[in-house]
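One structure is given below, encoded as structure tokens.
Here the structure is a predicted model, which means the values were calculated and not measured.
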Amino acid sequence: MASTTSKRTSNIQKESQTKKREKRREMKHAYRLTIEMEDYLFFASMEKGKVTETSPLIHNYALAYALGWTTSPYFHSKQSPAYRQQLEPLNDKGHYIYPAVPIQFTHTLMQYNTTEETFSMVREKSLGFPNWGFIKCIRPGSQFYTYALSASPLSLPGRFRLGKWMSQAQLTIEEIAIQKSKKKNSPHLLNVWDLKVIPQYFGSLFNLLPSRLVKNAEWDSPIAGYTVSDGDSDIFLPACQFVTGGTSK
């Protein structure tokens with residue numbers, strides 16, 4: 001009886017496929033995005049007692065959803081994130097956006113005073129004890145900027161909605177020069193989960209859910225990335241992919 005053999009992919013074939021995927025994902029287009037809020041912006045960045053505060057930073061995962069690059073189900077049976085399933089397909093498309101930092105911003109404090117919604121006819125507590133607290137949100141007119149990289153030309157909206165209140169924002173898009181490079185430091189805000197190489201040093205650390213963000217990151221050895229021309233200065237942006245590390249959800 002003749003023995004049967006199954007076909008196996010050689011390591012050379014695997015390496016070739018990997019190189020093809022990396023070549024397809026090589027970023028060839030860069031955009032500087034300016035976000036101007038036309039309404040009050042609210043994220044539950046941190047909670048301090050009865051005060052829920054919005055940090056003057058915009059997480060790149062929030063931007064990916066807001067721009068319509070990916071979506072989450074309208075109904076959730078439980079409060080459980082699925083960033084890997086929803087964001088990883090963007091890596092094959094060659095899309096990436098970095099967290100946004102402020103150009104100018106101001107906060108305002110709002111008080112809320114509500115009662116919990118319930119469909120039960122049983123009243124467990126008096127209506128004299130409502131749910132109340134304060135929201136520290138960002139005012140209209142505040143501006144942020146960031147960079148988006150893509151393997152192919154991007155079509156971005158002039159306006160989009162952002163944050164828990166789906167606040168309207170204006171988006172100004174400027175395509176800028178990009179070239180591959182290697183450097184030891186990057187001044188822009190970075191998502192630690194998305195970095196291929198974790199920096200040895202950084203100037204600032206922000207615990208902004210769902211991941212940590214760092215600014216002025218430095219590495220002991222040069223790492224691969226892209227240099228983009230922003231006006232009179234060049235900015236190095238390390239090569240990143242959505243959910244490289246962090247949660248497996």
Side-chain angles (χ1 to χ4, degrees), residues 33-76 78-87 90 95-114 116-117 131-148 156-172 188-195 202 204-215 240 242-243 245-247 249:
L33 308 182
T34 303
I35 303 164
E36 182 173 353
M37 295 309 305
E38 297 180 340
D39 202 348
Y40 293 95
L41 176 64
F42 170 56
F43 287 105
S45 304
M46 61 185 75
E47 297 182 5
K48 301 176 181 178
K50 285 289 186 179
V51 179
T52 304
E53 185 173 338
T54 305
S55 294
L57 305 168
I58 305 178
H59 203 288
N60 63 320
Y61 290 0
L63 290 170
Y65 285 100
L67 290 171
W69 287 4
T70 186
T71 58
S72 60
Y74 179 78
F75 173 76
H76 294 270
K78 61 179 181 178
Q79 191 73 14
S80 178
Y83 298 117
R84 187 173 294 280
Q85 295 92 320
Q86 293 163 7
L87 293 172
L90 298 177
H95 293 353
Y96 189 77
I97 188 167
Y98 294 85
V101 295
I103 299 173
Q104 60 179 19
F105 75 95
T106 54
H107 276 117
T108 189
L109 195 65
M110 296 183 177
Q111 183 176 3
Y112 65 88
N113 195 336
T114 63
E116 294 182 359
E117 293 183 0
N131 180 25
W132 68 275
F134 298 91
I135 289 175
K136 191 174 182 181
C137 56
I138 292 175
R139 289 177 181 269
S142 297
Q143 294 180 333
F144 302 83
Y145 78 94
T146 188
Y147 302 96
L156 297 167
R159 279 183 169 81
F160 66 111
R161 294 188 176 274
L162 189 63
K164 288 185 173 290
W165 293 341
M166 297 296 288
S167 306
Q168 186 161 276
Q170 182 178 345
L171 187 65
T172 303
H188 194 68
L189 191 65
L190 306 172
N191 184 348
V192 173
W193 276 4
D194 295 350
L195 288 169
F202 51 83
S204 302
L205 171 67
F206 305 94
N207 289 314
L208 199 65
L209 292 176
S211 66
R212 293 180 175 180
L213 308 179
V214 294
K215 193 173 183 181
C240 291
F242 286 106
V243 204
T247 180
K249 294 182 179 180

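Here OG1 of Thr34 is found 8.0 Å from CG of Leu171. Values are rounded to the nearest 0.5 Å. In this structure, CD in Gln85 is found 10.5 Å from OG1 in Thr70, a value given to the nearest 0.5 Å. Atom SG of Cys240 is separated from atom CG of Leu190 by 6.0 Å, given to the nearest 0.5 angstrom. Here the CD atom belonging to Gln170 is positioned 5.5 Å from the CD atom belonging to Glu36, to the nearest 0.5 angstrom. Within the model, atoms OG1 of Thr108 and NZ of Lys136 stand 10.0 Å from one another, a figure rounded to the nearest 0.5 Å. Note that CD1 of Ile58 is 10.0 Å distant from CG of Leu208, once rounded to the nearest 0.5 Å.
Between the His188 side chain and the Pro99 main chain, a donor and an acceptor come within less than 3.5 Å of each other. Here the side chain of Thr54 pairs a donor or acceptor atom with the backbone of Phe43 at under 3.5 angstrom. Looking at Arg139, its side chain does come within 3.5 Å of a backbone N or O of His107 through a donor-acceptor pair. Between the side chain of Thr146 and the main chain of Tyr98, a donor-acceptor pair closer than 3.5 Å is present.
Nearest heavy atoms, Trp193 versus Ser211: CD2-CB, 3.4 Å. Heavy atoms only, all atoms of each residue included: Ala64 and Ile97 are closest at N-CG2, 4.3 Å. The two residues Arg212 and Asn207 make their nearest non-hydrogen contact at NE-OD1, 2.9 Å. Summarising the geometry of Ser55 relative to Met46, their closest heavy-atom pair is OG-CE, 3.4 Å, with the distance given to 0.1 Å. In terms of heavy atoms, Leu213 sits closest to Asn191 at CD2-CA, 3.7 Å. Heavy atoms only, all atoms of each residue included: Asp39 and Pro140 are closest at C-CG, 3.6 Å.
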Test Leu57 against Val101 for side-chain contact (heavy atoms from CB on, under 4.5 Å), laying out the working first. CA-CA 5 Å; Leu57 305 168; Val101 295; 4.3 Å; yes
Please assess Trp69 against Tyr96 for the test side-chain contact (heavy atoms from CB on, under 4.5 Å), listing each intermediate value before the final yes or no. CA-CA 10 Å; Trp69 287 4; Tyr96 189 77; 5.6 Å; no
Could you go through the side-chain contact (heavy atoms from CB on, under 4.5 Å) check for Phe144 and Ile138 one step at a time? CA-CA 11 Å; Phe144 302 83; Ile138 292 175; 3.8 Å; yes
Output, in order, the C-alpha distance, side-chain angles, deciding distance and verdict of side-chain contact (heavy atoms from CB on, under 4.5 Å) for Asn60 and Phe242. CA-CA 9 Å; Asn60 63 320; Phe242 286 106; 3.9 Å; yes
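Contact annotation: the side chain of Ile35 approaches that of Met37 to within less than 4.5 Å [non-hydrogen atoms, C-beta and beyond]. The closest side-chain heavy-atom distance from Leu189 to Phe206 is below 4.5 Å. Counting only heavy atoms from C-beta outward, the side chains of Leu33 and Leu63 never approach each other to under 4.5 Å. Between Tyr145 and Thr172 the shortest side-chain heavy-atom distance does not fall below 4.5 Å. Under the 4.5 Å side-chain criterion, counting only non-hydrogen atoms from C-beta, Arg159 is in contact with Glu38.
For the 3.5 Å distance criterion, the side chains of Ser45 and His59 fail to qualify, holding no donor opposite an acceptor. One side chain, Asp194 or Tyr61, offers a donor N or O that lies under 3.5 Å from an acceptor on the other.
Ring-plane geometry between Trp165 and Phe42 is classed as tilted, the angle between the planes lying from 30 to 60 degrees on a 0 to 90 degree scale.
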